[in-house]
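For reference, the structure is listed below as structure tokens.
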Amino acid sequence: MSGSPDRLDGRVALVTGGSRGIGQAIAIELAASGASVVLTYRGGVQGAEETEKRIREAGGTARAAQCDVSDLAAVEALVKQTVADLGGLDIVVNNAGITADQLILRMKAEDFDSVVATNLRGTWNVCKAAARPLLKAREAGRIINLSSVVAGMGNAGQSNYAATKGGVEALTRSLAKELGSRGITVNAVAPGFIETAMTDALPDEVRARLLEQIPVGRLGSVEDVARVVRFLATDAAAYITGQVIPVNGGLD
Ligand code: NDP
């Protein structure tokens, strides 16, 4: 442990899916706390370059890298490159995620498989590739996985997505047990409905009904999620592991 327990100076962070939305906010937040950030994207090069530019303009260190998290070999190559270039890897944020919503009668098997490949297998791929460098990071080592309120609640039309997020939570608890003795913490953050391109598209009446169910009366912001991820990444959260932290304005 080093310096202020609330800072991340000298730490190296890998954030998957940093080209927009929640992942972009997480990359910015970690970099603002002093971490050097590698942020990945699959196809959204423009967004990833925008994240990198915003961090650099604020005086931080960032690098955007193309990497499909469902491809283990590509993930291993990225982790190797990160360690070679930046001297190690301390913090991993598994944020990359997709949806392919449909009621089960109409959902195709490919829609199940593609969501599993990115959300669940992708998270496992990154954890597997990062495990060795994280062991070297010892007490600074952090894995933070993005789950969702729907893992606990269920959601019609999201049988594939909700199943992957339930899996991510079980993976989180298992890795916390494997890695805890080495000082590495593994936690998940489960956002509720967050203002992103996805929720912008909701029809007004759906949005109004949703707001009625959220005790704090608003959708979350990407910063609401990013600040909790940042906290979990710091030494201040060293004694929290195997937990799923809801960030949902009271919706459940
Ligand atoms: P977005 O759709 O805005 O962004 C998804 C990010 O993931 C993009 O950067 C995208 O890259 C990247 N990505 C997608 N598939 C892959 C892949 N196979 N390999 C690498 N990168 C990939 O998502 P959100 O910001 O809305 O969500 C982020 C996380 O938070 C997800 O895990 C989601 O499930 C979770 N979440 C979101 C909620 C919300 O209300 N928005 C609520 C609860 C949970 P590219 O630009 O290249 O496509």
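The structure displayed is predicted, hence computed values, not measured ones. Only this structure's heavy atoms are used, side chains among them; waters, hydrogens and symmetry mates stay out. Atoms within each ligand, like the ligands themselves, are counted from 1 in listed order.
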Is [X] reaching over with its side chain to a backbone N or O of [Y], donor-acceptor style, under 3.5 angstrom?
| X | Y | result |
| --- | --- | --- |
| Asn160 | Ala100 | yes |
| Asn95 | Leu146 | no |
| Asn119 | Tyr161 | no |

Below 4.0 Å from any atom of ligand 1, which residues have a heavy atom? Give them in chain and number order, please.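 Within 4.0 Å of ligand 1, protein side: Gly17, Gly18, Ser19, Arg20, Gly21, Ile22, Tyr41, Arg42, Gly43, Gly44, Cys67, Asp68, Val69, Asn95, Ala96, Gly97, Ile98, Thr118, Leu146, Ser147, Ser148, Tyr161, Lys165, Pro191, Gly192, Phe193, Ile194, Thr196, Met198.
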Might you confirm whether atom CD of Gln66 has over 12 heavy atoms from other residues, nucleotides or ligands at distances under 6.0 Å?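 Buried by this count: over 12 neighbours within 6.0 Å.
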Hey, is Glu195 close enough to Arg207 for a salt bridge, meaning N to O under 4.0 Å?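 Looking at Arg207 together with Glu195, the answer is yes, because their closest N to O distance falls below 4.0 Å.
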Residues Arg56 and Glu52 bridged, charged N to O under 4.0 Å: yes
